[in-house]
Asker: 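I'd like to ask you about the structure that follows.
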Amino acid sequence: MKGLVRAEFRRLFKRRVTRLMLALLVLGLGTIITAFSLASHKIGPSELAAAEARAQSEYETQLRFHEQMVTECEAAKSRGETITDRFPPDCGREYSPQREQFEAEWFLPYEFNFHDEFGIFISVFAGIVALAAYIIGASYVGAEWHSGGMMNLLLWRPRRLSVLFTKLGVLLTSVLGVSLALGALWTVALWLIGKFDGQTGKMTQGAWESFAISGARGIGLVLAVAAVAYGLASLGRHTAMALGAAIGVGVISEIGLRIALNIAGVKFADRYYLSTYAMAWFEKKWTLEDWNACNLSFSGECRPDTFVVTWQQSALVFGLGTAVVLIAATWLMRNRDVT
Amino acid sequence: MVCAMVAVLEIEGLRKTYRSRWRGERKALDGFDMVVEAGQVHGFLGPNGSGKTTTLRTLLGLIRPNGGRMAILGREVPAGLPAVVGQVGAIVESPQFFPHFSAYDTLSLLADAGNLSQQRVPEVLEVVGLRDRAKERVKTYSLGMKQRLAVASALLKNPQLLILDEPANGLDPGGIREMRDLMRDLSASGMTVLLSSHILGEVQQICDSVTIISLGRRVAAGPVADVLAQHSSGAVRVRLESPADLPAAAQVLVASGARVDIQPDHLLVTGVDKPSSVTRMLAGRDLYVSELAPITVDLESVFLELTGTAPVAGQHRQVDESAEVPA
């Protein structure tokens with residue numbers, strides 16, 4: 001078994017698709033980090049003073065425009081012209097710009113706040129890594145089947161399920177390792193952006209724990225995605241099976257079903273889309289609202305009906321989906337004729 | 001060659017039926033039997049679609065049989081396959097490898113998967129003549145080079161039983177001769193070789209024994225010489241000094257109980273005990289023989305006869321149109 005595991009690790013990382021996807025992954029994540037590093041600026045007294053000055057300048061400019069408009073209006077009025085189509089009533093005197101309407105913070109540069117924003121970055125990271133994991137997972141076994149490499153391997157290792165699960169184990173271990181390594185770099189890079197080009201915020205132990213749990217959920221999703229891709233490509237003995245299924249599910253679930261359910265007027269139709277469960281998975285819960293319903297509050301406010309999708313429900317949906325695909329792949333691997 | 005009477009491979013009553021909702025049932029193997037003895041080069045012959053590759057795939061655990069018994073090196077397969085697979089090197093049908101890996105990487109990964117020493121990789125590359133091209137990607141290889149790589153992968157384990165499905169496919173004439181010599185050498189070293197091939201001249205030259213399959217059943221088996229002898233007509237070709245005497249000679253021979261087929265310049269005579277009696281009978285009637293030669297059969301003619309696949313002028317034989325043999 002050791003030899004097979006070693007061979008499969010070597011095979012996985014020798015593959016061009018794996019190397020290309022890893023390179024693109026590093027490049028993509030690096031580009032995001034670089035972009036945010038360039039976009040974020042630490043805000044100090046000088047930036048605040050500059051923003052205050054710009055707000056004042058903007059106020060004065062608008063005041064000047066307003067006075068000019070009032071003057072033009074008065075002039076037109078004195079000439080007996082009809083002004084109602086061009087100017088507000090009373091020449092807009094009561095709409096004079098107020099200083100407090102021009103807030104200095106509008107003119108501050110973007111400042112990254114690690115504490116407030118890193119949660120979203122975890123989702124972005126997981127989404128990008130999941131995409132790469134899907135392609136790597138599908139190609140790893142799909143190309144092997146398609147090229148005849150799998151048949152060759154089975155001539156050496158006739159215990160089919162052992163081969164199937166060793167390959168899956170190698171894939172998931174590799175995806176986990178790469179995710180952890182890149183995730184650590186991603187965290188450090190964004191923390192450094194916060195430290196030197198923005199704010200880190202108040203990072204308590206609780207905040208770190210919350211990020212760690214979000215990161216674990218993200219990596220969990222990445223592993224599930226890789227396993228589903230592997231299972232689908234194994235079922236179809238071709239990479240295209242997994243890629244086609246992904247496109248098919250995307251088109252059916254996110255476009256076709258959305259249109260059909262909207263036409264049918266189904267309440268909380270979003271609960272039938274996979275993307276809703278992905279959001280709930282990352283956000284812990286995702287609340288759907290039905291604005292056709294009006295529930296009056298004590299203050300007379302109209303409140304919509306709500307439907308909450310929890311991360312536990314997401315776990316069930318994704319877990320069941322992954323299990324079904326892997327069970328089907330296992331059954332077929334055990335029973336199919338390799339022709 | 002060594003000819004021990006120990007069966008390395010045994011197949012009894014092997015059955016495989018493919019069922020399709022639309023096309024119905026097709027019996028790929030219909031009670032097929034085969035025995036390969038240790039140290040032999042055993043030819044496995046059959047027309048396209050006769051069940052050769054299905055047999056090999058079933059033997060190697062790639063296809064699940066519907067019935068019958070198989071054993072390799074004394075172990076029942078497929079149950080015992082994991083125990084003996086390390087001693088069985090095989091290539092099945094056309095060589096298939098991941099095209100973007102080099103030959104060296106391909107073999108190196110297989111060596112790892114089989115817990116073999118990496119030292120075997122350059123050794124087998126040398127044997128099959130790919131040493132200098134080993135670092136090139138397989139996608140750049142010709143069919144013959146892929147075939148050599150396939151043989152190298154089968155030899156990697158230094159197996160006791162080597163199963164080769166059409167190993168000469170795509171090889172140049174030099175390569176075919178090298179393959180023939182390689183198999184002779186392997187057999188001489190004690191390895192048993194099961195060789196599936198359509199190049200019957202090659203099979204006749206290098207195989208000790210053969211099994212012929214048609215429509216999923218064995219139609220002939222045994223040492224090559226025995227199979228040829230069983231299907232030899234015992235006919236002799238007779239030429240006379242004067243072709244004008246052929247009708248008279250035919251009458252003499254028919255009168256003695258022989259069967260005679262008169263050809264423009266010779267007679268084909270069957271049903272005589274000894275060829276010398278033909279000379280004696282004809283000389284007694286002043287008819288003098290200028291040539292007396294036994295008609296030899298080759299494996300190709302036996303194969304075509306047994307499988308019913310000899311071409312017929314004006315007909316297009318379809319795959320699966322082979323001779324029916326009794327169950």
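Labels below follow one simple rule: chain letters A, B, ... track the order of the sequence lines, proteins then strands, and each chain is numbered from 1. FYI, side chains are in, hydrogens and waters are out, and symmetry mates aren't considered; it's all heavy atoms of this structure.
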Asker: If I measure from the heavy atoms of chain A, does B:Thr58 come under 4.5 Å with its side chain, its backbone, both, or neither?
Answerer: neither

Asker: Just by distance, do the side chain of A:Arg157 and the backbone of B:Ala113 share a donor-acceptor pair under 3.5 Å?
Answerer: yes

Asker: Would you give the length of the straight line joining atom CG of B:Leu109 to atom CH2 of A:Trp156, rounded to the nearest 0.5 angstrom?
Answerer: 11.0 Å

Asker: Measure distances from A:Arg16 to the heavy atoms of chain B and classify the residue's part below 4.5 Å as side chain, backbone, both or neither.
Answerer: side chain

Asker: Does some side-chain heavy atom of A:Leu155 sit less than 4.5 Å from a side-chain heavy atom of B:Leu62?
Answerer: yes

Asker: Any chance CZ of A:Arg159 has more than 12 other-residue heavy atoms, nucleotides or ligands included, within less than 6.0 Å?
Answerer: no

Asker: Looking at A:Gly148, A:Ala143, A:Ala7, which has the largest count of heavy-atom pairs under 4.5 Å with chain B?
Answerer: A:Ala7

Asker: Taking all non-hydrogen atoms of both residues into account, name the closest pair between A:Thr339 and B:Ile63 and its distance.
Answerer: CG2-CD1, 3.9 Å

Asker: Side chains of A:Ser147 and B:Pro99, heavy atoms from C-beta outward: is any pair under 4.5 Å?
Answerer: yes

Asker: Counting heavy-atom pairs under 4.5 Å with chain B, which one of A:Glu8, A:Glu144, A:Arg10, A:Arg6 comes out on top?
Answerer: A:Arg10

Asker: Just so I understand: if I count every heavy-atom pair under 4.5 Å between each of B:Pro82, B:Gly114, B:Gly61, B:Gly89 and chain A, which residue has the most?
Answerer: B:Pro82

Asker: Checking heavy atoms, do the side chain of A:Arg11, its backbone, both or neither come under 4.5 Å from chain B?
Answerer: both

Asker: So which part of B:Arg64 gets closer than 4.5 Å to some heavy atom of chain A, the side chain, the backbone, both or neither?
Answerer: both

Asker: Could you tell me which portion of A:Arg160 (side chain, backbone, both or neither) has an atom closer than 4.5 angstrom to a non-hydrogen atom of chain B?
Answerer: side chain

Asker: For A:Arg334, I'd like to know if atom CZ has over 12 heavy atoms of other residues, nucleotides or ligands within 6.0 Å.
Answerer: no

Asker: Does atom CD1 of A:Ile120 have more than 12 heavy-atom neighbours from other groups under 6.0 Å away?
Answerer: no

Asker: Within the side chain of B:Asn115, is there an N or O that forms a donor-acceptor pair under 3.5 Å with the backbone of A:Lys2?
Answerer: no

Asker: So which of A:Thr166, A:Leu153, A:Asn335 has the biggest tally of heavy-atom pairs under 4.5 Å with chain B?
Answerer: A:Asn335

Asker: Count the heavy-atom pairs under 4.5 Å between each of B:Leu110, B:Val92, B:Leu60 and chain A, then report the option with the highest count.
Answerer: B:Leu110

